[in-house]
Amino acid sequence: MVIELIVNILLLGFSIFCFWYVGATMPVSAVNELGAEQWPQGILALLILAILWNIFKFFRMHKPAEVSAAFKAFPGDVVGFFKSKLFIGMVLVVVMALAYEPVGFMVTCFVFLMAYGLLLGQRNIALLVGTSLLITVILYVGFSVFLGVLLPRGNISFLRDFALFVESLVPTF
């Protein structure tokens, strides 16, 4: 419970810093156009409002005595957090981000979806492999073919060759 409040406060501070940083470092655009600094600031303003709303809801749902008791139990909550599925999911996302360039999109996405499905409790391996493969193909076609985004093929030779082979199978528009 307290971890949620602490994370929200940290996110709020970081979002406010980012809003200020974008405004301070980006060149100011003309008055009649939305410039490069205004889009991130708009998104950050919405994020700040959402975080403030979440903090407001937190204090509305919990009595001051509950919050005080939760702060006393905070050290035990931290240990529990590092053992939770949420933390393991966050580690999976970081591993995926680090493996994205060297391994390539297709293998990284497929393995990530498989691992996350197992984390969420899916035990039917055939269904897990099928849905992971289908989602990987849909994401690849959506980003690479329709949006024209060049996805990493990987630096490992046989994985790069596999990615090039799969790309040769997909028609371009």
Side-chain angles (χ1 to χ4, degrees), residues 1-15 18 40 43-44 46-55 57-58 61-62 66-67 69-173:
M1 176 169 88
V2 173
I3 291 177
E4 177 186 354
L5 179 62
I6 291 172
V7 168
N8 277 308
I9 292 170
L10 290 173
L11 279 173
L12 179 65
F14 183 69
S15 299
C18 289
I43 293 170
L44 285 165
L46 291 174
L47 178 63
I48 290 168
L49 289 173
I51 293 170
L52 286 171
W53 175 253
N54 205 22
I55 292 171
K57 280 185 9 184
F58 177 85
M61 288 174 48
H62 303 290
E66 291 176 339
V67 175
F71 268 106
K72 290 177 185 169
F74 178 68
D77 288 345
V78 171
V79 172
F81 171 72
F82 286 116
K83 294 179 180 178
S84 70
K85 286 185 177 183
L86 175 64
F87 181 73
I88 295 169
M90 291 166 44
V91 169
L92 280 173
V93 170
V94 169
V95 168
M96 179 187 163
L98 294 173
Y100 190 62
E101 281 294 325
V103 178
F105 170 78
M106 287 186 230
V107 174
T108 304
C109 183
F110 179 74
V111 171
F112 171 76
L113 290 171
M114 291 276 298
Y116 216 86
L118 288 171
L119 177 67
L120 293 177
Q122 177 59 262
R123 296 295 177 242
N124 185 342
I125 300 300
L127 180 65
L128 191 59
V129 169
T131 55
S132 296
L133 187 62
L134 180 66
I135 292 170
T136 300
V137 168
I138 289 171
L139 287 173
Y140 174 77
V141 170
F143 280 99
S144 184
V145 176
F146 293 123
L147 296 176
V149 176
L150 183 61
L151 298 170
R153 295 179 181 123
N155 298 333
I156 303 169
S157 63
F158 73 93
L159 293 175
R160 184 173 179 79
D161 293 339
F162 173 72
L164 289 170
F165 168 71
V166 172
E167 285 178 15
S168 70
L169 296 177
V170 178
T172 57
F173 294 99

Test side chain to side chain contact (heavy atoms under 4.5 Å, CB included) on Leu118 and Arg123 and set out the steps.
CA-CA 7 Å; Leu118 288 171; Arg123 296 295 177 242; 3.7 Å; yes
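- Shortest non-hydrogen contact noted between Phe58 and Val67 is CE2-CG2, 4.0 Å.
- For the pair Val103/Leu159, a side-chain contact is recorded, criterion being any heavy-atom separation below 4.5 Å from C-beta on.
- Atom CD of Glu101 is separated from atom CZ of Arg153 by 11.5 Å, given to the nearest 0.5 angstrom.
- Distance CG/Leu10 to CG/Leu5: 9.5 Å, rounded to 0.5 Å.
- The two atoms that bring Met106 and Ala163 nearest to each other are CE-O, 3.6 Å, heavy atoms only.
- A heavy-atom distance below 4.5 Å is not found between the side chains of Ile135 and Phe110.
- Residues Leu134 and Ile138 have side chains in contact (heavy-atom distance under 4.5 Å, counting atoms from C-beta outward).
- Minimum heavy-atom separation, Leu44 to Ser15: CD2-O, 4.2 Å.
- Nearest heavy atom pair, residue Glu66 against residue Met61, reads OE1-O, 4.1 Å.
- In this structure, CD1 in Ile88 is found 12.0 Å from CZ in Phe82, a value given to the nearest 0.5 Å.
- Atom-to-atom distance recorded for Leu164:CG and Phe162:CZ is 11.0 Å, nearest 0.5 angstrom.
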Take Ile6 and Phe71, measure what side chain to side chain contact (heavy atoms under 4.5 Å, CB included) needs, and give me the verdict at the end.
CA-CA 10 Å; Ile6 291 172; Phe71 268 106; 4.3 Å; yes
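- Phe105 meets the ring-ring contact (aromatic ring centres under 6.0 Å, His included) test with no other residue; sequence neighbours excluded.
- Considering CD1 of Ile43 and CG of Leu47, their distance stands at 9.5 Å, rounded to 0.5 Å.
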Where do Leu11 and Val7 land on the side chain to side chain contact (heavy atoms under 4.5 Å, CB included) test, with the steps shown first?
CA-CA 6 Å; Leu11 279 173; Val7 168; 4.0 Å; yes
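- Using modelled atom types, one side-chain atom of Ser168 and one backbone atom of Phe165 make a donor-acceptor pair closer than 3.5 Å.
- Under a 3.5 Å cut-off, the side chain of Asn8 and the backbone N or O of Glu4 do form a donor-acceptor pair.
- Closest approach of Leu128 to Gly117, counting heavy atoms only: CD1-CA, 3.7 Å.
- Counting all heavy atoms, side chain and backbone alike, Gly154 lies closest to Arg160 at O-NH1, 3.5 Å.
- Here Leu119 contributes atom CG and Leu92 contributes atom CG; the two are 6.0 Å apart, rounded to the nearest 0.5 Å.
- A heavy-atom distance below 4.5 Å is found between the side chains of Val129 and Met114.
- Within 6.0 Å of the OH atom in Tyr100, the count of heavy atoms belonging to other residues, nucleotides or ligands exceeds 12.
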